[in-house]
Amino acid sequence: MAIPRTRPSAYPAILSYGFRPFFLLASLQAATAILMWLPLYYGRLETLSLFSPLDWHIHELLFGYLTAVVTGFLLTAIPNWTGRLPVQDARLLMLVLLWITGRVAVFFSVETGWLLSAVIDSSFLLAVVTAAAPEIVAGRNWRNLKVLLPVTVLLVANVMFHAEAHFQGVSDISRRLGLGAVVILIMIIGGRIIPSFTRNWLVREKPGRLPAPFSRFDVGTIALSAFGLVAWTFFPENTGTGALLIAGAMFNAVRLTRWAGDRTLADPLVLVLHVAFAFVPLGLLLAGLAALAPEVVPMVAGIHALAVGAVACMTLAVMTRASLGHTGRELEADAGIRSIFAATIIAAILRIAAAMAPDMAVLLHMSAGLWVAAFVGYAVRFGGVLMRPRLQTRRKSGT
């Protein structure tokens, strides 16, 4: 007998699957954090956080927005990997409340104190790992345990972030460690879902050349990139680090070309995954060039290519696809969804341009505006969908 997708429940539909509350909260957090960022940057707004404005900005995107997306993805993917029932209802509500409490504790850390704020905030990812690992083990899905390694590194980076900000006055290593962990997670998960979704669509709609299967080339590329990101975390201005990052960029670019993305122009839901992944080699390249020639390429260019480009574009693409597929909707990108994708991609390009030309503040403002529009657009487009029960039938099958 097939295992039901969820248990019968008296709880609201939004607590029936992890992606529902966490994707919605993530979109609201991403929009709010950037909406507040420029006034904070110009000193027109203050928080009650012990973090500097820049550290608060970085932290709430890395360990606020991103942890919500990662959690929503894991809690939705693990039942598919293991065949087990999802974390839902009271257990899911506790995780949601813990995430929200972490955001409040960080924002009001002047009142709570740095240590209590750090404990509350860091306990969320610890709870996620604690909830996810037993499910994977119980389902004997051993190959997916490796996905929890970058998540655990993200937890360590969050603890380090609080400690660095308190004892040094500013975060440093932890910023790059957290971002690097998420980029590696994208390399692992993206390397699985992008070829898979591309293959499914091409087989159905456009027979011909298909994505190359996962091979040792992919393993080697991820390993090389991981070494480069570790070196970047601790020695961001070292020439050896620059060489590793540039090599990782080249191999990831080749990896992307093997996935037949050029054949997916007719399906924005698939195409956007390829475009988002393209920011991975671009970000590694810019970070590598910054290590070798910081007077030509600023480090912040590579950081934002990875953070705004690879991470934001990929997470929004995955959030959109899951929000359609897992609620029983057709996997089709209407005009609103296409606008969300376009806004995110253009925001990333403009943010990289603003890093290369810091005197052109208008680029920064335009990028921030498009970012906010994209995530508010997601919340408006999918807020009601995420709060309502799954449709019982699908009008058209999809990947």
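What you see below is based on every heavy atom in this structure, not just the backbone, and it leaves out hydrogens, waters and symmetry mates.
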Next on the checklist: If you apply the rule ring-ring contact (aromatic ring centres under 6.0 Å, His included), what do you find for Phe124 with Phe22, and how did you get there?
Outcome noted: CA-CA 12 Å; Phe124 171 71; Phe22 280 111; 5.7 Å; yes
Item to check | Test log, rule side-chain contact (heavy atoms from CB on, under 4.5 Å), inputs Leu48 and Ser109 | outcome: CA-CA 6 Å; Leu48 292 176; Ser109 57; over 6 Å; no
Next on the checklist: Applying ring-ring contact (aromatic ring centres under 6.0 Å, His included) to Phe167 and Trp114, what does each step give before you reach the verdict?
Outcome noted: CA-CA 10 Å; Phe167 291 108; Trp114 83 272; 5.5 Å; yes
Checklist entry - Can you list the steps and then say if Arg103 with Thr32 is a side chain to side chain donor-acceptor pair (under 3.5 Å)? => result CA-CA 12 Å; Arg103 310 285 57 76; Thr32 302; over 6 Å; no
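The six-membered or imidazole ring of His162 lies near that of Phe51, with a centre-to-centre distance under 6.0 Å. In this structure, Trp259 has its ring center at least 6.0 angstrom away from the ring center of Phe197. Here the two rings, on Phe375 and Tyr65, have centers that are under 6.0 Å apart. With ring centers used as reference points, Phe63 lies under 6.0 Å from Phe161.
Taking 4.5 Å as the limit, some side-chain heavy atom of Arg209 sits within range of a side-chain heavy atom of Asp262. Contact of the Leu75 side chain with the Gln88 side chain is not registered, since no non-hydrogen atoms from C-beta on lie closer than 4.5 Å. Annotation: side chain of Arg44 is not in contact with side chain of Leu38 (no heavy-atom distance under 4.5 Å). Proximity of Phe107 to Val104: side-chain heavy atoms (C-beta onward) are nowhere separated by under 4.5 Å. By the 4.5 Å heavy-atom criterion applied to side chains, Val137 and Leu145 are counted as neighbours. Contact annotation: the side chain of Leu350 never approaches that of His304 to less than 4.5 Å [non-hydrogen atoms, C-beta and beyond]. Phe279 is listed as a side-chain neighbour of Cys313, based on a closest heavy-atom distance under 4.5 Å. Proximity of Leu269 to Leu324: side-chain heavy atoms (C-beta onward) are separated by under 4.5 Å at one or more points.
For Met250, the CE atom is loosely surrounded, since the number of other residues' heavy atoms within 6.0 Å does not exceed 12. Atom CZ of Phe235 has 12 or fewer heavy atoms from other residues, nucleotides or ligands within 6.0 Å. The number of heavy atoms from other shown groups lying within 6.0 Å of CD (Glu46) does not exceed 12. No more than 12 heavy atoms of other residues, nucleotides or ligands shown are found within 6.0 angstrom of CE on Met366.
Of the N and O atoms on the side chains of Asp267 and Trp201, at least one donor lies less than 3.5 Å from an acceptor on the other residue. Side-chain polar atoms of His274 and Thr198 form a donor-acceptor pair below 3.5 angstrom. In this structure, a donor-acceptor pair under 3.5 Å is absent between the side chains of Asn252 and Thr221.
To the nearest 0.5 angstrom, Thr344 atom OG1 is 4.5 Å from Leu316 atom CG. Rounded to the nearest 0.5 angstrom, Leu244 CG and Thr239 OG1 are separated by 10.0 Å. Annotation: the span from Asn80 atom CG to Asn141 atom CG amounts to 10.5 Å, rounded to 0.5 Å. Rounding to the nearest 0.5 angstrom, the gap separating the CG atom in Leu292 from the CG atom in Asn238 is 9.0 Å. Taking OG of Ser171 as the reference point, atom CG of Asn158 lies at 11.0 Å (rounded to 0.5 Å). One distance of note links CG of Leu179 with OG1 of Thr233; it measures 8.5 Å at 0.5 Å rounding.
Remark: Arg140 is not positioned above the aromatic ring of Trp81, lacking an NZ or CZ atom under 6.0 angstrom from the ring centre and at most 45 degrees off the axis. The cationic group of Arg20 does not satisfy the cation-pi geometry with Tyr17, failing either the under 6.0 Å distance to the six-membered ring centre or the 45° limit from the ring axis.
Of all the heavy atoms in Asp334 and Ile337, the pair that sits closest is OD1-N, 2.9 Å. Nearest heavy-atom pair across Ala31 and Val376 is CB-CG2, 3.8 Å.
Scanning for ring pair (Phe, Tyr, Trp, His ring centres under 6.0 Å) contacts around Phe217 gives Phe251, with sequence neighbours left out.
Side-chain atoms of Ser16 come within 3.5 Å of backbone N or O of Ala13 as a donor-acceptor pair.
Note on Ile120 and Val96: separate hydrophobic clusters, where clusters join Ile, Leu, Val, Met, Phe, Trp and Tyr whose side-chain heavy atoms are under 4.5 Å apart, directly or indirectly.
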